[in-house]
Amino acid sequence: MASERYNAREAEARWQEIWEDKGVFVTHNEDPRPKYYVLEMFPYPSGRIHMGHVRNYAMGDVVARYKRAQGFNVLHPMGWDAFGMPAENAAMQNKVHPKDWTYQNIATMRGQLKIMGLSLDWSREFATCDVDYYAQQQRLFLDFLAAGLAYRKKSKVNWDPVDMTVLANEQVIDGRGWRSGALVEQRDLTQWFFRISDFSEDLLEAIDTLDRWPDKVRLMQRNWIGRSEGLKVSFEFIAPPPSGEAALEIFTTRPDTLFGASFMGLSPDHPISRALGEKDPKLAAFIEECQKIGTSAEAIETAEKKGYDTGLRVRHPLDPSIELPVYVANFILMGYGTGAIFACPAHDQRDLDFARKYGLKVTPVVLPQGEDPATFNVGDEAYTGDGTIFNSAFMDGMSVAEAKDAVASRLEAQSLGGKPQAERQVNYRLRDWGISRQRYWGCPIPVIHCPTCDVVPVPAEDLPVRLPDDIDFDKPGNPLDRHATWKHVACPKCGGKAERETDTMDTFVDSSWYFARFTDPKNANPTDREAADAWLPVDQYIGGIEHAILHLLYSRFFARAMKKTGHLGVIEPFQGLFTQGMVTHETYRADGGWVSPADVRIEERDGVRHAVLVADGSPVTIGSIEKMSKSKKNTVDPTDIIETYGADTARWFMLSDSPPERDVEWTEDGVQGAWRFMQRVWRLVGEIAERVSRDAARPNDLGEAAVELRRATHKTLHALSNDIEQLAFNRAVARLYELVNTLSKALAAGDRAAGMDFAIREAAEYLVRMMAPMTPHLAESCWSVLGHEDLLATAAWPALEQDLLVEDTITLPVQVNGKKRADLTVPREASKEDIEAATLALDAVSRALDGKPPRKIIVVPSRIVNVVV
RNA sequence: GCGGACGUGGUGGAACUGGUAUACACAGCAGACUUAAAAUCUGCCGCCGCAAGGCAUACGGGUUCAAGUCCCGUCGUCCGCACCA
């Protein structure tokens with residue numbers, strides 16, 4: 001038995017069948033044990049799983065199996081984020097129905113996931129395109145609508161001309177659609193929105209409670225919500241513009257610098273700019289030019305600041321004798337604040353660049369500490385720091401904070417056109433979430449448009465609004481919009497002729513509550529409150545950093561909205577979040593373009609790696625290491641790897657070496673190393689099983705060597721448990737390698753004492769149990785070789801003997817002047833005086849002292865000794 | 001431009017709250033076993049040096065008995081971004 005190679009293919013299939021037959025991973029809501037909900041971001045059924053999935057799900061499975069062994073009732077479900085455009089693209093390109101395409105992909109990918117041996121509760125599986133799921137989503141929509149959380153408004157939208165759909169602001173990247181890459185156009189459409197901005201403050205504040213989220217993601221969410229406190233101020237026009245406004249409203253976060261104002265800036269999209277542009281062709285041309293600049297921060301930062309003097313003038317609110325010119329400027333956004341600013345060049349870099357270009361006044365009003373007010377000047381760099389206000393009449397001598405408050409108070413009391421001239425305001429960058437998509441393969445928005453009754457929600461008894469199957473993709477645009485019978489219905493209110501809403505929901509809606517549905521996936525309501533509240537929040541959520549903002553923020557919104565509509569009791573869906581790194585691979589190029597690793601053979605000549613084509617031996621250029629992608633052909637198919645080496649090898653390799661939050665490079669050497677280790681463990685356990693019978697008794701006196709081995713075993717258990725808790729899988733892997741090294745040596749030493757037998761047996765059993773979360777099939781096989789008849793998948797985590805973590809003697813490094821010179825072994829309870837004496841007796845120390853007394857001896861208990869000479 | 005993270009052998013990386021730098025793995029080298037290869041096993045593997053020893057955690061300073069870890073500056077890499085007034 002022991003000499004046989006471990007046959008992963010045979011063993012993995014066998015254990016998977018046994019686990020499934022016995023239903024060991026099916027979770028019951030009524031199980032009284034403490035709950036643990038671990039969830040990996042569910043996949044889009046694109047066709048085949050990729051290595052990124054393997055890494056993601058291997059991590060989640062380690063946590064699930066570890067927590068299960070610790071006695072938790074673990075929920076570890078899987079489903080499919082199944083609506084979305086690729087299905088429609090496939091329909092257009094290959095004449096496949098999106099539904100067939102999607103469900104076929106799901107079947108393939110489910111099979112691929114199953115051979116990974118993940119401890120998933122497949123009985124809870126669903127796809128977001130299942131009628132059962134989106135029917136509940138429609139009910140949520142109607143509840144949100146009734147609660148005022150969903151509404152319609154006409155708005156300028158980002159129109160993707162390739163996908164023929166609307167994109168959220170967040171989905172437009174550098175002026176292009178995030179999926180299609182097409183240049184986005186502006187269009188006016190009536191759209192459905194979710195009122196996420198109602199929760200701006202709460203979503204922001206609650207970030208503080210998410211202490212098991214990466215700081216990076218929390219920061220990104222804070223910045224996305226973008227809270228800023230400031231003042232809305234009205235500036236009176238000297239002569240009103242043709243559009244008739246009496247005053248210009250601006251928003252500022254620096255009212256303290258108001259006396260440094262030298263001009264006003266309008267966004268090119270500001271209504272006043274527009275109105276003026278209609279009469280001024282030169283301004284119209286300028287506005288058009290501004291709209292052509294890219295929307296990316298980098299493009300605009302490097303773009304030259306430009307403006308156009310409108311000829312309008314406004315009066316300074318604190319000194320009526322000052323008149324300020326009004327420019328249309330290319331660096332002011334309509335979407336933030338009021339789309340207009342007052343500019344203080346001395347204390348804002350953009351304003352300064354602009355003022356220098358157009359020869360406008362630069363008056364410093366904040367004096368940095370240590371500067372002389374008579375000589376302080378601003379060169380090419382604006383001063384944005386703190387200081388004392390000067391050149392500012394009644395504010396002179398105040399701090400920045402005091403001045404902000406003073407200006408606000410004064411202008412609030414002052415009135416212009418019968419209203420206070422200023423108003424304190426909190427602004428958020430976060431805007432409402434537009435969810436309408438002009439697309440077939442999504443969840444239908446359950447409303448009916450009636451010419452007499454306007455928008456009528458589909459009555460509950462008529463739900464769900466099913467997607468019709470008989471559709472065609474011969475023309476671009478939404479097939480629902482031209483569906484003959486589906487679209488035309490009677491109005492539920494008046495019975496007259498009416499039309500269905502033909503827009504479907506953004507697929508981010510689907511993924512915003514699936515974690516809640518998993519808690520009771522077959523319920524006739526969206527959630528079962530008891531089940532949802534018992535399971536949520538998700539204890540550990542694992543997925544890619546690319547979802548750091550949108551998906552996570554929308555899910556947080558949904559939890560709040562579902563609470564408001566009575567579907568949930570919690571507001572934060574994910575207690576712990578972990579964002580894993582990507583899987584990368586070397587790239588290869590031949591003259592024909594990118595070459596797949598499967599077609600390349602690596603040879604080493606004179607210590608230099610060369611790549612050649614397997615087919616004909618022709619040379620291939622080795623390129624940079626990149627994220628695995630179809631476009632660069634540097635992918636490795638998980639199924640191929642699993643067929644060759646087994647799922648455990650693939651899982652082990654994905655968990656070893658690289659810290660999980662960082663990228664990991666897939667290499668053939670690495671996989672083989674992992675595979676060799678699987679074989680090594682198998683041989684080692686086999687040998688031990690032969691040598692030490694299962695009922696090896698524990699003798700009263702174990703002997704020193706056996707105690708040492710036991711220490712190593714239990715120390716490994718202690719450290720590895722901590723590593724898994726922290727998701728430091730690479731460290732956990734290293735500890736198991738160490739234990740195997742130690743155990744191999746102990747076995748090779750040939751000590752046949754009864755104590756050693758006991759210690760070796762224990763080490764082997766612990767090793768196998770510790771490996772189980774990562775390499776579950778191999779562990780089951782080893783467990784059975786060791787004579788166990790129960791399943792390791794349902795066994796408890798091994799018990800830790802705390803006593804073994806503490807040594808009787810400790811070895812202290814001894815430093816002389818901070819450099820290590822010797823080791824000192826002393827009893828654990830040795831006193832400081834004993835240690836000092838023993839230190840001075842060391843050869844290395846006395847040599848360094850050369851007869852002189854030491855200046856100082858520092859003893860850090862159980863850490864180190866440092867002798868200062 | 002702004003914000004953030006990071007920089008350790010040939011490579012991926014360890015090093016808990018300042019306390020033995022380089023654990024573990026990959027690659028490489030030498031040897032054992034073998035007719036041979038594969039597999040396996042053993043040993044070596046930061047740099048200089050015969051050695052004693054010295055030098056090394058991007059670079060330059062600083063704090064400390066002690067710095068990969070803390071502080072200041074420089075260089076470099078990566079990530080995020082919204083000209084946010």
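Keep in mind that this is a model prediction, so the values were computed, not measured. A note on names: the letters A, B, ... follow the listed sequences, proteins ahead of strands, and every chain is numbered from 1.
Applying the ring-ring contact (aromatic ring centres under 6.0 Å, His included) rule to A:His270 yields no partners; only residues at least two apart in sequence or on another chain are considered. Every ring-ring contact (aromatic ring centres under 6.0 Å, His included) that A:His316 has, sequence neighbours left out, goes to A:Phe259. In this structure, the side chain to side chain donor-acceptor pair (under 3.5 Å) partners of A:Arg254, at least two apart in sequence or on a different chain, are A:Asp256. Every residue two or more places apart in sequence or in another chain that forms a side chain to side chain contact (heavy atoms under 4.5 Å, CB included) with A:Glu229 is listed here: A:Arg227, A:Val426. Residues passing the salt bridge (Lys or Arg N to Asp or Glu O under 4.0 Å) test with A:Asp215, sequence neighbours excluded: A:Arg218. For A:Asp823, the salt bridge (Lys or Arg N to Asp or Glu O under 4.0 Å) test picks out A:Lys820, with sequence neighbours left out. Evaluation of the salt bridge (Lys or Arg N to Asp or Glu O under 4.0 Å) rule for A:Glu626 yields A:Lys632 as partners, not counting sequence neighbours. Partners of A:Arg424 by salt bridge (Lys or Arg N to Asp or Glu O under 4.0 Å), not counting sequence neighbours, listed by chain and number: A:Asp405, A:Glu412.
Heavy atoms only, all atoms of each residue included: A:Leu324 and A:Ala261 are closest at CD2-O, 3.6 Å.
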For RNA chain B, what is the dot-bracket line, given that a base pair needs Watson-Crick (N1 to N3, plus N6-O4 or O6-N4) or G-U wobble (N1-O2 and O6-N3) geometry with both distances under 3.5 Å, and | means paired with another strand?
(((((((..(((......[....))).(((((.......))))).(((....)))..(((((..]....))))))))))))....
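Note on A:Arg863: a base of the nucleic acid sits closer than 4.0 angstrom, heavy atoms only. Note on A:Asn427: nothing from the nucleic acid sits closer than 4.0 angstrom, heavy atoms only.
Considering only side-chain N and O atoms, A:Arg350 lies under 4.0 angstrom from the phosphate OP1 or OP2 of B:C84. The shortest distance between the side-chain N/O atoms of A:Lys819 and the OP1/OP2 oxygens of B:C55 is below 4.0 Å. A:Arg222 has no side-chain polar atom (N or O) that falls below the 4.0 Å cut-off from OP1 or OP2 of B:C81.
With salt bridges taken as basic N to acidic carboxylate O contacts below 4.0 Å, one links A:Arg711 and A:Glu708.
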Under 3.5 Å, which protein N or O atoms sit close to an N or O of nucleotides 60-66 of chain B? Give each pair with its distance.
| unit_1 | atom_1 | unit_2 | atom_2 | d |
| --- | --- | --- | --- | --- |
| B:C65 | O2' | A:Asn866 | ND2 | 3.3 |
| B:C65 | O2 | A:Asn866 | ND2 | 2.7 |

Do any N or O atoms of the protein come closer than 3.5 Å to N or O atoms of nucleotides 41-49 of chain B, and which pairs are they?
none

Contact list (N/O, under 3.5 angstrom) for nucleotides 12-14 of chain B vs protein:
| unit_1 | atom_1 | unit_2 | atom_2 | d |
| --- | --- | --- | --- | --- |
| B:G12 | O2' | A:Ser658 | OG | 3.0 |
| B:G12 | N2 | A:Asp657 | OD1 | 2.9 |
| B:A14 | OP1 | A:Asn730 | ND2 | 3.2 |

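With the nearest nucleotide of RNA chain B identified for both A:Arg676 and A:Arg821, A:Arg676 has the one nearer the 5' end. Annotation: of the two residues near RNA chain B, A:Ala340 and A:Gly670, the 5′-most nearest-nucleotide partner is A:Gly670.
In this pair, A:Phe677 and A:Trp652 present their aromatic rings parallel. The plane angle is below 30°, not in the 30 to 60° band.
Its glycosidic angle being more than 90° from 0, B:G13 falls on the anti side.
Between the side chains of A:Asp432 and A:Ser197, at least one donor N or O sits under 3.5 Å from an acceptor N or O.
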